[in-house]
Amino acid sequence: MFLNRHLGPNESEIAQMTQAIGVKDVAQLIEETIPADIRLAAPLNLAEGISEYEFQQKIQKLAKKNKLFTNYIGMGYHPAIVPAVIQRNILENPGWYTAYTPYQAEIAQGRLEALFNYQTVVADLTGMELANASLLDESTAAAEAMTLLFAVRTREQKKADVQRFFVDKNTLPQTIALLKTRAQPVGIELVIGEIDVLDETFFGALFQYPGKNGDIIDLGAAIEKAQALSIKTVVAADLLALTLLEAPGQYGADVVVGTTQRFGIPLGYGGPHAAYFATKTDYKRNIPGRIIGQTRDLDGKPALRMALQTREQHIKRDRATSNICTAQVLLAVMAGMYAVYHGPKGLKAIAEEIHSKAKRLEQLLGDLGIEQLNDYFFDTLHLKVDSAALKTIAEENEINLFYPDNNSAVVSLNEATTEADFERLVQVFETFTEKKAKAGAASTKRLPEKQERTSAYMTHPVFSSYHSESALMRYIKKLERKDLALNHSMISLGSCTMKLNAASEMLPLSSPEWNSLHPFAPLDQVEGYQEVLRQLTQQLNEVTGFAATSLQPNSGAQGEYAGLMVIRAYHQSRGDHHRNICIIPASAHGTNPASAVMAGMKVVVTKTDERGNIDWNDLQEKVVAHQDELAALMITYPSTHGVFESNIKNMTDLIHQHGGQVYMDGANMNAQVGLTSPATIGADVCHLNLHKTFAIPHGGGGPGVGPICVAAHLAPFLPSNPLVKTGGEQAIDAISAAPWGSALACLISYGYIEMLGSSGLQKATEIAILNANYIKYRIEGAYPILYVGDNGRSAHELIIDLRPFKAQGIEVVDVAKRLMDYGFHAPTVSFPVAGTMMIEPTESENLAELDRFCDAMISIAAEILEEEQHDENSLLKNAPHTLDMATQDEWPFAYSRNKALYPLEFVRENKFWPSVRRVDEAFGDRNLICSCPSVESYTN
């Protein structure tokens with residue numbers, strides 16, 4: 001039974017834990033934790049769970065409903081070859097996919113190095129100074145670039161209220177749709193067309209390179225024209241093409257964006273894929289997402305960390321540069337490793353082979369009398385043909401092309417195009433023309449000569465050192481050993497829900513029937529996917545109590561934004577254009593205010609009281625004061641303080657009485673499933689984090705999936721896609737590039753729900769709450785518990801207060817670093833309250849692991865009390881302790897090696913060694929280095 005594999009505690013352990021916390025059974029605990037007026041009246045109306053074996057049979061049967069046509073659709077998505085060494089050792093390896101965002105740098109040096117490599121690849125190929133560690137998809141990256149350039153307009157442009165942004169008509173349609181979504185709420189006017197329209201009334205311009213149908217513009221001339229008018233530029237570039245085409249940075253581009261999907265990432269029916277974002281160091285404080293930078297540790301040795309964290313949403317909130325939180329780290333690691341494996345020569349050879357086939361195809365089709373419309377191209381031909389007639393023949397031969405209109409077709413060749421595939425493709429056109437093609441000399445120049453690449457790239461030794469499978473396998477393992485993931489110990493990050501990512505849920509991701517489908521494939525070829533996504537949508541509707549769901553948002557932050565945009569569209573449909581106030585509690589996740597501002601709303605913060613609840617009197621005052629302009633209340637439930645607020649229904653009623661809508665952040669849904677629901681508490685829309693509650697792994701910082709579920713009156717406004725119909729009748733424009741976002745990852749959540757079933761989902765929630773309350777029972781003598789519910793219970797997480805230790809010189813970060821010596825990742829640090837830790841054990845940890853963690857925390861509390869004042873030579877201030885320290889002849893500390901390295905006996909049995917000493921955060925920001933130095937810097 002899958003439930004017994006997923007849950008940590010067995011029935012005997014559950015009995016011990018309930019007795020310890022003072023309840024007769026789990027049912028009594030739930031009664032004392034969740035207010036009675038919001039409990040579900042009946043169990044979830046879902047089927048009961050099936051076994052892991054039954055799920056594999058079911059998913060394989062569904063897979064057979066998908067048709068594996070050969071894809072030449074292009075449009076930003078191309079079949080790519082995933083090197084088996086990367087698939088087996090990263091994609092299918094829990095050491096990589098179960099890790100968390102690398103906030104604790106000392107136990108994350110492996111994936112930090114992998115991301116540093118990725119940033120180097122991107123910065124080198126684009127010719128830019130700085131790249132981030134991935135974004136969600138190409139279209140989102142383009143939208144982020146637009147808003148960055150809007151933010152950095154010149155003083156004169158701001159004074160003149162310059163608000164126009166130019167988009168070249170050859171830009172991908174999904175990108176244009178997303179730009180429309182993002183532009184309007186913040187007052188940007190999009191102009192889509194030819195470059196001739198540019199004048200001083202524009203602040204920015206975007207060019208696709210190559211264009212959507214394959215043509216290559218004169219990028220240098222376009223950027224030069226824009227610069228002459230003080231217009232900053234974004235280039236959406238094909239990264240593989242940049243091995244042959246000159247880097248946009250060489251022409252003076254301000255931002256370069258795109259996708260790294262071609263670097264060994266499966267199509268996955270639209271995602272997840274790692275987008276890239278590269279820019280100038282001038283904009284380092286405005287760049288969205290994560291940036292990995294180099295710093296030093298306590299010994300002065302090089303170390304990596306996430307740089308510039310002062311840009312984080314938790315700090316800047318409604319002034320944040322972006323709402324991007326989760327990105328696509330696992331996919332970025334794979335793409336970076338693909339570049340390491342192939343090296344610069346290998347990447348160029350792949351690009352040259354694709355380009356050569358495209359030139360040969362043009363010659364053969366020309367011989368058949370088919371006109372090719374692109375003056376220059378890399379991999380894509382734009383053909384003048386009767387598209388309906390061609391489509392019929394192509395699909396009879398199980399080949400997909402792209403058909404922009406009735407009179408043309410687009411063919412995009414790719415890395416996976418074999419010689420046999422090429423011959424089959426030519427035969428389709430021979431059938432179409434009823435002629436036989438004769439091979440002749442292909443055109444030698446189909447790249448513009450003055451734009452051919454001359455600048456060097458990827459010269460660092462890492463890109464020339466691991467080209468055999470043995471070498472790369474060992475390099476990947478070397479990096480993996482530096483990182484603490486769920487395959488070593490529990491990761492009790494509050495509000496992050498680091499639960500089991502079961503192998504049986506992950507297996508389908510490696511199947512070609514699921515990972516090789518193009519997001520714009522005809523619907524009759526993806527019936528298996530459509531059935532899974534339809535069923536998952538219905539399951540999420542049932543779990544939330546809502547009427548409709550969109551799976552399009554590909555992160556929690558995108559879900560927040562989508563939900564607020566749906567609320568905005570609803571108000572506007574009723575003529576309430578003035579409703580733009582979003583009330584947000586002071587305790588909210590930092591992405592909430594950032595998302596509200598992006599959706600064109602003004603943020604009004606409501607207080608929390610001394611018990612951690614929303615201050616009822618203050619909320620009433622704010623609602624009445626803004627009742628005419630009230631758009632929404634954003635709440636998290638249970639709250640970020642780990643409490644089920646008993647007054648929740650009064651709050652949601654208050655908002656509705658004054659014309660507003662209630663948005664519920666689903667970050668803490670792991671405490672609700674099967675016991676209560678967003679609809680029951682009175683919400684109108686919520687987003688879910690499938691990478692938390694529904695078992696998609698965190699991947700070291702992504703992928704995530706953030707679907708939104710809505711009440712019936714909001715269903716008509718769910719997001720659309722320009723190429724495949726999704727959403728409602730009054731749909732907002734796209735939120736993500738692909739129609740169903742990161743569809744491949746949705747298979748994991750589908751498997752999770754199918755195998756747990758109605759009662760299993762409820763039991764998982766109950767045990768998550770039990771585990772949190774057991775930890776509370778174990779450690780509350782050592783640490784003050786900051787907030788509890790009316791009956792003294794925590795929800796699925798709890799906050800411990802470390803501020804009392806400040807008098808002894810101990811900060812919360814000291815406890816976080818000392819936990820590493822015990823083999824644990826720290827809980828969430830200083831959120832939602834500075835100087836605290838938020839602990840969320842999830843339902844997947846058994847009693848032995850919970851006790852090890854609690855023993856470690858109690859031991860650390862005792863270590864703090866051993867000294868009246870902790871100075872720079874104290875035990876906690878020097879944590880974590882590395883193997884290098886342990887093996888030195890000299891031991892300069894008053895405490896023993898044994899105490900430092902093996903503080904409890906269980907540590908000795910399974911020791912994890914941090915690979916660097918405590919990192920210097922400030923030094924890294926003052927001396928920002930975000931990519932590998934070139935080989936010249938070594939010789940110099």
Discussion item. Working note: Leu850 + Met17, criterion side-chain contact (heavy atoms from CB on, under 4.5 Å); need CA distance, chi angles, decisive distance, verdict.
Written reply: CA-CA 11 Å; Leu850 296 175; Met17 292 160 72; 3.7 Å; yes
Polar side chain donor-acceptor pair, [X] to [Y], under 3.5 angstrom:
X: Gln109; Y: Glu113; answer: no
X: Glu840; Y: Ser495; answer: no
X: Glu843; Y: Asn670; answer: yes
X: Thr591; Y: His589; answer: yes
X: Ser859; Y: Tyr822; answer: yes
X: Asn93; Y: Glu480; answer: yes

Using a 3.5 Å distance criterion without hydrogens, assess whether the side chain of [X] forms a donor-acceptor pair with backbone atoms of [Y].
X: Arg111; Y: Leu330; result: no
X: Glu645; Y: Asn613; result: no
X: Tyr783; Y: Met857; result: yes
X: Arg296; Y: Asp920; result: no
X: Asp297; Y: Ala303; result: no
X: Asp299; Y: Lys301; result: no
X: Thr887; Y: Asp884; result: yes
X: Asp483; Y: Gly110; result: yes
X: Gln104; Y: Ala826; result: no
X: Gln119; Y: Ile291; result: no

In the structure I gave you, are the side-chain heavy atoms of [X] and [Y] within less than 4.5 Å of one another anywhere?
X: Arg793; Y: Val23; result: yes
X: Thr497; Y: Asn689; result: no
X: Tyr103; Y: Leu493; result: no
X: Ile800; Y: Ile785; result: yes
X: Arg778; Y: Asp851; result: yes
X: His825; Y: His488; result: no
X: Pro832; Y: His641; result: yes
X: Leu847; Y: Pro9; result: no

Discussion item. Show, in sequence, the C-alpha distance, side-chain angles and deciding distance for Ile810 and Leu802, and conclude whether the side-chain contact (heavy atoms from CB on, under 4.5 Å) test is met.
Written reply: CA-CA 8 Å; Ile810 290 295; Leu802 283 86; 5.7 Å; no
Practice prompt. Evaluate the criterion side-chain contact (heavy atoms from CB on, under 4.5 Å) for residue pair Leu819 and Ile860; output intermediate values, then yes/no.
Written response: CA-CA 8 Å; Leu819 263 173; Ile860 292 170; 3.8 Å; yes
Just list the side-chain donor-acceptor pairs under 3.5 Å for residues 908-915, sequence neighbours left out, or say none.
unit_1: Arg908; atom_1: NH2; unit_2: Asn898; atom_2: OD1; d: 2.7
unit_1: Lys911; atom_1: NZ; unit_2: Asp821; atom_2: O; d: 3.0
unit_1: Lys911; atom_1: NZ; unit_2: Leu901; atom_2: O; d: 2.8

Practice prompt. Apply side-chain contact (heavy atoms from CB on, under 4.5 Å) to Val788 and Glu780, showing your working.
Written response: CA-CA 12 Å; Val788 292; Glu780 60 188 344; over 6 Å; no
Measure the spacing between [atom1] of [X] and [atom2] of [Y] and express it to the nearest 0.5 Å.
X: Met506; Y: Ile696; atom1: CE; atom2: CD1; result: 9.0 Å
X: Ile476; Y: Tyr466; atom1: CD1; atom2: OH; result: 11.0 Å
X: Glu32; Y: Asn773; atom1: CD; atom2: CG; result: 9.0 Å
X: Leu770; Y: Thr33; atom1: CG; atom2: OG1; result: 9.5 Å
X: Leu486; Y: Asn501; atom1: CG; atom2: CG; result: 6.5 Å
X: Lys692; Y: Met498; atom1: NZ; atom2: CE; result: 10.5 Å

What's the shortest heavy-atom distance between [X] and [Y], and which atoms?
X: Pro827; Y: Met837; answer: CD-SD, 3.8 Å
X: Gln869; Y: Ala807; answer: OE1-O, 3.2 Å
X: Met337; Y: Ala114; answer: CE-CB, 4.3 Å
X: Pro841; Y: His796; answer: CD-O, 3.7 Å
X: Trp96; Y: Asn89; answer: CD1-O, 3.2 Å
X: Gly289; Y: Asn132; answer: CA-ND2, 4.3 Å

Report, as yes or no, whether the 6.0 Å neighbourhood of atom [atom1] on [X] holds more than 12 heavy atoms from other residues, nucleotides or ligands.
X: Arg474; atom1: CZ; answer: no
X: Lys607; atom1: NZ; answer: no
X: Gln19; atom1: CD; answer: no
X: Glu868; atom1: CD; answer: no

Discussion item. Can you tell me which residue among Arg918, Arg818, Lys817 is in a salt bridge (Lys or Arg N to Asp or Glu O under 4.0 Å) with Glu106?
Written reply: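 Considering Arg918, Arg818, Lys817, a salt bridge (Lys or Arg N to Asp or Glu O under 4.0 Å) with Glu106 is found only for Lys817.
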Worksheet item: For the residue pair Tyr895 and Phe893, does the interplanar ring angle fall in the parallel (under 30°), tilted (30 to 60°) or perpendicular (over 60°) class?
Response: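 Ring orientation of Tyr895 relative to Phe893: parallel.
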Worksheet item: Is the shortest side-chain N to carboxylate O distance from Lys877 to Glu867 below 4.0 Å?
Response: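 Salt bridge between Lys877 and Glu867, a charged N being under 4.0 Å from a carboxylate O: no.
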Discussion item. Using ring centroids (six-membered ring only for Trp), state whether Phe644 and Tyr637 fall under 6.0 Å.
Written reply: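 Yes, the ring of Tyr637 comes within the 6.0 Å limit of the ring of Phe644, centre to centre.
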Fill in: Steps toward salt bridge (Lys or Arg N to Asp or Glu O under 4.0 Å) verdict (Asp609, Arg611)
CA-CA 5 Å; Asp609 62 26; Arg611 295 185 60 203; over 6 Å; no
